[in-house]
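Before any comments, here is the structure.
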There are 2 protein chains.
Amino acid sequence: MAGTKVDKISDTTLRGFSGYRLKRAFNVVQADLSHVLKPFGLRMITYSALTIVADNPGMRQSELAKSLDMERPNLVGIIDQLQRKKWIRRDPAPTDRRAHALVLTELGQDLVARATEAVAEHDRKVFAGLTGDELKNLHQALQKIESMTTGRLS
Amino acid sequence: MAGTKVDKISDTTLRGFSGYRLKRAFNVVQADLSHVLKPFGLRMITYSALTIVADNPGMRQSELAKSLDMERPNLVGIIDQLQRKKWIRRDPAPTDRRAHALVLTELGQDLVARATEAVAEHDRKVFAGLTGDELKNLHQALQKIESMTTGRLS
DNA sequence: TATTGTTATACTCTATAACTATA
DNA sequence: TATAGTTATAGAGTATAACAATA
């Protein structure tokens, strides 16, 4: 018992903002997803990277960085790790000797396949409480928000 | 021109996950909100802290940390900053000599009032594309997701 | 014994400047 | 000149262990 205080903390002002509700919901999803990925030795960023490379074999690091919405320098260490674990290869790019062509190894492809199954199950579980209509509506709403110039609004 | 590559990068696998869509939408909101708060000398975390203290004068640091979903040690530096800027005070807690009673100064109250106006306008702008029904639906969906045990799912 | 605030520490994430080798 | 990948660096954000004062 922490004293006589009832400790009913209110966040009514913040709750008035849809953005705050969006953040709270996302935090729950993110926390759970981290637990799902940990057994695979993956984090959200490494899983996303592997999946995008799987979908776009031969892509360059700068393209991956842009796709992950991160700065090129910060991607270097991540690719280093994935390469050390033999999940990804930096092949020479055929048309540009400065660039690398990113491709998954067989080990990487296998890992992504298994992790994707787990992520898919996680996703189904998190959104299981929503009806088909609610989910469709949610996607539409999120799409509208995302299309808002992506970054700084008017 | 970056060579002959067309660079159509696909994220179809990730797009199949509602959690990924949630993340993308949240990123847009977060990035824009940061721009809104910067002129006030505030970040998301400092604005949230000030607002919750404004709603709960006399609350303790541990309560604020829990409310912000962060660890107690990480809050110390943040309160230090807010105190240095004369926006918050650490008064002695009346019933427990270990604890602090957090309260906003007049300067802090004024700042929160002005910032909250800007945040409210930002929130209206971001979600302006949604109809009343869509927004109501969105809130309901986000609430359902957030209620999923908050953390690790079953 | 447990809790409040704190210090120290470490690891992840993010952002910028500047270098090299190519284009 | 500009771009791809890299290095170095610094600032946020986050998590854990341990301590002094107090409950």
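In what follows, chains carry the letters A, B, and so on, assigned in the order in which the sequence lines appear, proteins first and then strands, with residues in each chain numbered from 1.
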A/T46: which residues meet the side chain to side chain contact (heavy atoms under 4.5 Å, CB included) condition with it, sequence neighbours left out?
A/L42, A/R43, A/I78, A/L82
Tell me which of A/M44 and B/A99 sits closer to the 5' end of DNA chain C, going by the nucleotide each one is nearest to.
B/A99
Any N/O pairs under 3.5 Å between the protein and nucleotides 6-8 of chain D? List them or say none.
| unit_1 | atom_1 | unit_2 | atom_2 | d |
| --- | --- | --- | --- | --- |
| D/dT6 | OP1 | A/R90 | NH1 | 2.9 |
| D/dT6 | OP2 | A/Q61 | OE1 | 3.1 |
| D/dT6 | OP2 | A/Q61 | NE2 | 2.7 |
| D/dT6 | OP2 | A/R90 | NH1 | 2.9 |

Distances under 3.5 Å between nitrogen or oxygen atoms of protein and nucleotides 19-23 of chain C:
| unit_1 | atom_1 | unit_2 | atom_2 | d |
| --- | --- | --- | --- | --- |
| C/dA23 | OP1 | A/R97 | N | 3.0 |

Pairs where residues 79-89 of chain B contributes a residue and the test salt bridge (charged side-chain N to carboxylate O under 4.0 Å, His left out) is met, not counting sequence neighbours:
B/D80-B/R90, B/R89-B/D91
Per the salt bridge (charged side-chain N to carboxylate O under 4.0 Å, His left out) rule, what does the pair list look like for residues 105-117 of chain A, sequence neighbours excluded?
A/D110-A/R114
Considering residues at least two apart in sequence or located in another chain, which fulfil the side-chain hydrogen bond (donor to acceptor under 3.5 Å, both in side chains) criterion with [X]?
| X | answer |
| --- | --- |
| B/S34 | none |
| B/Y47 | B/T116 |
| B/S67 | none |
| A/S18 | B/H139 |

Below 4.0 Å: OP1/OP2 of C/dT3 and any side-chain N or O of B/S62
no
Could you tell me which non-hydrogen atom of B/V53 sits nearest to which non-hydrogen atom of B/L64, and how far apart they are?
CG2-CD2, 3.9 Å
